[in-house]
J.: 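This is the structure I have questions about; it appears just below.
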Amino acid sequence: MHSQYQRSRGRNYEAELQRCRPEAALVEFGDYHPLKSIMVTDTKTRRGARKGSTSSSSSSSSSAPLDPLSSMLDGTDPLSMFAAASATETPAMSHSKEKEEEVVGPDFESWSLKRGEILARFTTTEKLSIVSRRDKLFCYSKLKDPGSSAVSEKVRTRLEELDDLEEGSQRELLNLSQQDYANRIEELNQSLKEAWASDQKVKALKIVIQCSKLLSDTSVIQFYPSKFVLITDILDTFGRLVYDRIWTMCSDPRPLPDSFTVDDVNDTAKETCLNWFFKIASIRELLPRLYVEAAILKCNCFLNKCGIQETLPRLTAMIRGIGDPLVAAYTRAYLCRVGMEVAPHLKDSLNRNFFDLLGSFRQISSESVQNQLVLQRVEVPEYLTLYSPAISWILQCIAYRAPEPLLTEMMERCKKLGNNALLLNSVMRAFRPEFVAGRATDFIGMIKDCDEAGFPKHLLFGSLGRSVACADPPESERLTILNEAWKVVTKVRSPQDYINCAEIWVEFTCRHFSKREVNTVLADIIKHMTPDRAFEDAYPQLQSVIRKILTYFHDFSVLFSMERFLPFLDMFQKDSVRVEVCRSIMEVFIKHQVEPTRDPVILNAMLHICKTMHDSVNALTVEDEKRSLALLIIGFIRMVCFGRDFEQQLSFCVEARATFCNLESVMVQLIHTVNQLAMETSRVMRGSHSRKTAAFVRACAAYSFITIPSLSSIFSRLSLYLLSGQVALANQCLSQADAFLKAAVSLLPEVPRSISVEGKLRASESFLLDFINNFLATLLVVPDHPEHGVLYLVRGLLNMIQDYTWEDNSDAKVRVYVSALPLLAAMSQETYLYSIPKVDSNETLYGGDPKFLLEINKLSETLIGQVLDHLKGLGRDEATRRQGALAFSLFGVLLAHGDLRNNKLSQLAVNLWNLSHKHGYCETRVSVSSQPISQKIRKPDMFSLTFTK
Amino acid sequence: MSEMSVTLDIRLKRANKVYHEGEVLAGVILLVCKEAMQHHGISLSMEGLVNLQLSSKSVGVFEAFYNSVKPIQLISSNIEVAKAGKIPGGKTEIPFEFPLNTKGNKVLYETYHGVFVNIQYTLRCDMKRSLLAKDLSRNCEFIVHCQPQKAKVVPTPVKFTITPDTLQNTRERSLLPKFLVRGHLDATNCVISQPLTGEVVVENSDVPIKSIELQLVRVETCGCAEGYARDATEIQNIQIAEGDVCHGLPIPIYMVFPRLFTCPTLETTNFKVEFEVNVVLVLHDDHLITENFPLKLCRI
């Protein structure tokens, strides 16, 4: 037994552990287990098998909350559900959808994609105008009403004029900006819908005719493709309205089946439909007549089975009457588009359109076109590119799932036209990349044969590059292709044209060649883009080059051994872009660099990149940005490993500290890295340091010790001091450990009463209490410093706590005292609960010296005294709830750690028990579980019989 | 005042309102009123008329046979639908039938809306009411198509060539720019329900083409043995080419004959309705070149 001074209960930790260890119980498969709901694996199937006949739906629903993430990836995530919903929502235009889907699949690039591209690409700053001439739209208009046939000619004209006036209040809108123009068109679209909704069908038709007439106006020609898009939107709306109207006329008494035939359509609907066609057939001008009839092409299916089949070739032929080649090309594109939507199986008309286009190709160089270009000051190459969307669209329709021989035939036809560059370009863009890539060498030949005038060759090579970037040409030809292409690309004068083309070819190069070729390409790009700082206008393309390289090169030692890679990065001189590029490189690095590395090439380059990111941080950088940059840099630091060369690793950390000093979380990471390094050293030395490694771990400690003060977050500093102290202790660096812990203690008064957590101001008290408890647990194994007194650190800590300015009305200080009691109890044991190998704790230093124990007891008494004083104070302040809780916690500590055979102590415990229950605030659940024990205290003999050795 | 809310309508059985001689014109009279209503009898009359009008320029000259321009009645019939009484509130449908039979040697010409000649068939429903309420009446035109022609129509293509040399009534032929336009109409004896078709090719032209148009013309003749007035007016003008079209590329000629405004070519003792088509070439210098083709329209 212990001496009389012993107030703490003697403990046999080993035996207690044995007693406390719970019986290992296997969980049966069907049993409840709290973690079971998050067990994923294959429970579903197994369970189903065991349950046998029980309905599978119930078993799957019980295992439904398996894993929220995997269930998201089931293909039924909200986004794809939206997409699916909107796909089925497409308006009634697609009543016979199923039929179409057999012919047109999702691999057909939809018009909606193309549409946006065109609008973005063909823009103008010129002023536009909408001029609607006062011509009669129809050859006859008012005669139809038999009642009015008596009205005189004069009155009739006046009525018509009035009618015209109300439908478009302005006849001539000049000086419109592009946006005004688009808005005006949208207004027309709205008034079309309104007219339709208010049953003014003729007015609706007039609006559509006026709109299509705008398409014969080619002034501000560079805007024409976009104008086409805007106006055909209106035509689409009209087509849909007419179709839906007639469709609903047939849906009485029950809706038409999706695959209806002419026989299902009633006479009234047929007559209405026929009326539309007669009305449209009498539209005076050719272009509106063509467009409007094309817009309601689908309605032919109400009239007869082969209506569409007969109409398409006729409309195709009628387009020949359009003199302006650009207007004609776009009309063909529209007809092909409608044809693909309504009757995709009718390929002949598509081909016919293309052949007619070829047939009238010479129109492009006709005198009237040339005059127009001179008048509008538009260069031929720019003019030719205006055709691209239309021709590409037509070719895309033709090439869609077309048999190889047809494509070959098309190609031959183009060749016959003297390898017209514009056509060739469209062929390369519209035909399957596999087709083009397979004949890449042929295409290069054809591109070479094209006449230089007109269409720029770099555009041709750009289109070819796009094809070979996603489909592979024959292996034997690849190098020749690259050489041939680059020969042309490198000669492009304008940096903008050059980079647009080069950017495309980078992908092909990366896909098929080694770093040597890519390096050459990079060198060439640098050479072209450096003069006059041309790179400043090409950041998006240059970024795309980097992206492509990163897609194909994941081995960073290869990547950084490209000599021109870093110089290439130097072209990104605008801060925001440079950081973005670095960030993208880092993201790929973190994703793909699996093995830690010590490759000096990688390290140098990455340090450079990380430094760039770090240096972008300034006073204005937002917290989120800092955090994400820091995360990327940390990702890099964690990937650096010099293996057994610990000193190298440490000096890397020294360098990194100097480089990344502005990012606090990187600093924190570095300290962790160094601590880890020290522990790793210890592991390698199996705990016994040599002189050299001892010096090294001290160096590690020194690193942490001088780095920690530079952190601004006080809790980071505190916890790192503690952690580093523990590491130092584990490495037998006693004085360093002492210094860390002392530093932590002396930092405590600086802890502010509130700190900012995720942007919100919160009381720091709970964080502080957590830290102190953690700290106390460490103090058990820290041996007293020979030059300072007994329990020097414990006293120091308690003094700091005594002096700290706690929140008013807070029991925090006393709570710390209560939690210090178990430490003191543990310190008085003969054998400590835990210890650090090769470090003598106080148990060995003092060997149970009574003076030491006396010291502990005195300290304990002081603490208990403080607590009791505080309890009294609470009684006075009527804070009985707090009093009860605090009394109970002290009771708990005494019960667990005190030697209750000591009468004074057991009496105190009983008093505390009573105090805690005096006001009935004590949580019954807790107190009930401890009640038997409090009863045992009253019979100390029994108690001692049970609990002492 | 509830009587004001009555509506009277004539609904024909056929959605397209097209009938032939010898057929039965059938339909319903539709009465909709909120409450029961008193009336003094409902009658329905059917009439087919040819209205002839003299153009202002010929009126002076032909005043002498003014009489001959009074309307010609082709068919007329009258029935009492309901005797004076009460019709119940709500929707009332009263069916009717008229056999389209002519008297004597009269023929039901095809419906035609022209300028000087109008052939029109109407149904007229009258409801007589008490003195306080206005009488109600409703007109409804129905369409008569003449009997299909028995003889077979054999299309005879007509080729044409237009050059400065082929032109008539031009004073200064030498001032005209050079051009050569060739083409053909698939037929000039046309079936009215089928489009006029053909092709036109601009082989060459010194001056760019501005437009190529098809002008459909009606030629209406009113008169008799004593004298007559003949007027040609435009029915419709359809553009088939716009701008400087590609030379050597055939451009389709395609025109749908408009309903009501065309009818099978008609020749009677009192009037004639004939049709022509002009292929109109507009050059960029606004020269207008017209090639005329008389058409014979028929129904099969």
J.: Under 4.5 Å, counting heavy-atom pairs only, tell me which of B:Asp244, B:Ile251, B:Ile209 racks up the most with chain A.
T.: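 Sorted descending by pairs with chain A, the first entry is B:Asp244.
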J.: Quick check on the interface: out of B:Ile212, B:Val200, B:Ile240, B:Val256, who has the most heavy-atom pairs with chain A under 4.5 Å?
T.: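 Option with the greatest count: B:Ile240.
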J.: With a 4.5 angstrom heavy-atom cut-off, is it the side chain or the backbone of B:Glu213 that approaches chain A, or both, or neither?
T.: side chain
J.: What residue, out of A:Glu367, A:Arg289, A:Lys270, A:Arg362, has the most heavy-atom pairs lying under 4.5 Å from chain B?
T.: A:Arg289
J.: Under 4.5 Å from any heavy atom of chain A, what part of B:Pro250 do you find: side chain, backbone, both or neither?
T.: both
J.: Which of parallel (below 30°), tilted (30 to 60°) and perpendicular (above 60°) describes A:Tyr243 and A:Phe302?
T.: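 Judged by the thresholds at 30° and 60°, the geometry between A:Tyr243 and A:Phe302 is tilted.
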J.: Within the distance-only criterion (no hydrogens, no angle test), does the side chain of A:Gln376 pair as donor or acceptor with the backbone N or O of A:Ile221 below 3.5 angstrom?
T.: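 Indeed, once roles are kept as given, a pair shorter than 3.5 Å links the two residues.
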J.: Output yes when B:Arg138 and B:Asp9 qualify as a salt bridge under the 4.0 Å nitrogen-oxygen rule, no when they do not.
T.: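 So B:Arg138 pairs with B:Asp9 through a salt bridge.
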J.: Would you call the rings of B:Phe142 and B:Tyr121 parallel, tilted or perpendicular, taking 30° and 60° as the class edges?
T.: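 Judged by the thresholds at 30° and 60°, the geometry between B:Phe142 and B:Tyr121 is tilted.
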J.: Going by distance alone, is a donor N or O of one side chain under 3.5 Å from an acceptor N or O of the other, for B:Asp286 and B:His284?
T.: no
